[in-house]
Number of protein chains: 2
Amino acid sequence: MAKRQISLLRSIEDVFTFWDVLTHDERNFIQNSYTIHHYKKNEVIQCEGDEPTHLMILAIGKVKVYKNGFGNRAQIVRMLKPGEHFGYRAIIANEPNSTTVTAFEDSTVYMISGENFLSILRHNNAFCYRFLEELSFDLAESDARTVNLTQKHIRGRLAESLLFLKDNYGLEEDGATISIYLSREDLANHSNMTTSNAIRTLASFVNESLIAMDGRKIKIIDEEKLRKISKMG
Amino acid sequence: MAKRQISLLRSIEDVFTFWDVLTHDERNFIQNSYTIHHYKKNEVIQCEGDEPTHLMILAIGKVKVYKNGFGNRAQIVRMLKPGEHFGYRAIIANEPNSTTVTAFEDSTVYMISGENFLSILRHNNAFCYRFLEELSFDLAESDARTVNLTQKHIRGRLAESLLFLKDNYGLEEDGATISIYLSREDLANHSNMTTSNAIRTLASFVNESLIAMDGRKIKIIDEEKLRKISKMG
DNA sequence: CTAAATTTGTGCTAAAGAACATAGTTTTCA
DNA sequence: TGAAAACTATGTTCTTTAGCACAAATTTAG
């Protein structure tokens, strides 16, 4: 009983949040050169170690950005929603991709080639500045994640992940169910723990009436207390 | 027996590695407005949570950039050497500092006010692009650090830190001693472990003839093996 | 120069979390 | 639709590493 998702595809000028700082010519340039790609659930969009090719803009769906660590353990470092960009960091740094990107669910991506991206970056200061801002935010987030994942205990890390998912993807109509359904493994890979521990800790949270679960659906019952747990480690 | 360090102060145009992309006017503008500040060993240069004020360029010395986590535990996220920049991320993101910066040793810093920095960023595309590149590198490093610190075991993390210090600060004339002397605590805060474990693990490394120690001086004896330990976790 | 404070070193204990095993459940897809 | 694969759940064991406590050594400061 997969819900048939009828996602209307918004145009690139509608999805690309930096469109407003582009000149008339640049807009035409992109309109005439961008490509659209569709990915099925679990399909890999870009691979760690490969040469970067495009600035990508997520139009529909949800994707995870992660690094493969040691012994089959992955660490999710970002999770994107429509309108967010990826794949461009490696182009700017002129080095291979540092992360793998995979579709959580069926996703649609607008792509702008690396050369075209760089050419606009080099000519349009406002455009360049927008990406500078974005990386500034991302860097602070990444540094914060390092501390959270290394210093908080399991319960704190899981609570933090649940709250992140809620803040990032929002809730469904019932005002409680988190609008993204992750496997226990993905949840574990986001909060730096083993799958068994994610399962166990989720079960504890259910017992303590902090959340309720139905398969992969998670309802947040006591956000207050979750925030406290997340804060304290 | 503190060694009297006679560090000749290089001029800002000499230290600031993005000087070459500045226009004649911008150079004059900075020459007429920058300030110099001296900090003693262990003095705090900027504080997490405070409003950012300046783009800072380290002219002399070494500084650590870190976040204060939970229960007295700090995590060092960057360590800078002369010519490197800091303090500017928060200006661009327009938010409070996300890190604290402290001098490891007596240090000298050139400062350019936030407004002046932003004004040049907004008018000089090449300048803006340089910082975009820098943040691109830093972001990949930060994500990599997250994985290293969460997934590697203690020995792997310490080996990695020692190699980082060697690669970042180089060796002394003897071709073996790492050119920075850290307390065990700082070493622990860089490799995400307790001070006792840093001490213990260093002692193991000495026993295994991977390194030699004399107080805070650390000689790298078997880099090959250290790299293996760092890689494997 | 001496007392106080900080840093380093070592041993012991406890807790957190990983690893593994196994079984039940759900999903996938041929 | 039915078998295989993937995911979820739970119990048990074992390792890693944090958390003390305390002593020795070194540095700092009055």
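Computed over heavy atoms, backbone and side chain alike; hydrogens, waters and symmetry mates excluded. None of these values were measured; they are calculated from a predicted model. Each chain gets a letter, A, B and so on, in the order its sequence line appears, and its residues count up from 1.
With rounding to whole Å, B:Q151 atom CD is found 13 Å from C:dA18 atom C1'. To the nearest angstrom, P of C:dC12 lies 16 Å from CG of B:N197. Per the geometry, NE2 belonging to A:H153 stands 14 Å off P belonging to D:dT17, to the nearest Å. Taking atom CG of A:L158 as the reference point, atom C1' of C:dA18 lies 16 Å away to the nearest angstrom. Rounding to whole angstrom units, CG of residue B:N189 and P of C:dT8 are separated by 12 Å. When the P atom of C:dT6 is taken as reference, atom CG of B:D186 falls 15 Å away, rounded to whole Å. For the pair A:I154 CD1 and C:dA15 P, the interatomic distance rounds to 16 Å; values are reported in whole Å. Between A:L202 atom CG and C:dG17 atom C1' there is a gap of 16 Å when expressed in whole angstrom units.
The closest side-chain heavy-atom distance from A:S107 to A:I60 is not below 4.5 Å. In this structure the side chain of B:K81 reaches within 4.5 angstrom of the side chain of B:Y169, judged on heavy atoms. Within the 4.5 Å cutoff, no side-chain heavy atoms of A:I211 are placed close to those of A:K219.
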Short N/O separations, protein against nucleotides 5-8 of chain D, under 3.5 angstrom:
residue: D:dC7; atom: O3'; partner: A:R216; partner atom: NH2; Å: 3.2
residue: D:dT8; atom: OP1; partner: A:R216; partner atom: NE; Å: 3.0
residue: D:dT8; atom: OP2; partner: A:R184; partner atom: N; Å: 3.0

Polar pairs (N or O, both sides) under 3.5 Å between protein and nucleotides 22-28 of chain D?
none

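Looking at every heavy atom in both residues, A:N68 comes nearest to A:A74 through OD1-CB, 3.9 Å.
Position along DNA chain C of the nearest nucleotide to A:S196 versus A:K152 favours A:K152 as the more 5'-ward residue.
For the residue pair B:T146 / B:D143, no side-chain donor-acceptor distance below 3.5 Å is found, with atom types taken as modelled. For the residue pair A:N148 and A:E160, a side-chain donor N or O sits within less than 3.5 Å of a side-chain acceptor on the partner.
In terms of phosphate contacts, A:T194 brings a side-chain nitrogen or oxygen within less than 4.0 Å of OP1 or OP2 of C:dA18.
Between A:F131 and A:F16, the angle of the ring planes lies from 30° to 60°, which puts this pair in the tilted group. The aromatic rings of A:Y39 and A:H37 lie parallel to each other, their planes meeting at an angle below 30°, with 60° marking the opposite boundary.
Within 3.5 Å, a donor on the side chain of B:R200 pairs with an acceptor on the base of C:dG11, or the reverse. Side-chain atoms of A:R157 stay outside donor-acceptor range of the base of C:dG17, with no qualifying N/O pair under 3.5 Å.
A salt bridge links B:R227 with B:D167; the closest basic N to acidic carboxylate O contact falls under 4.0 Å.
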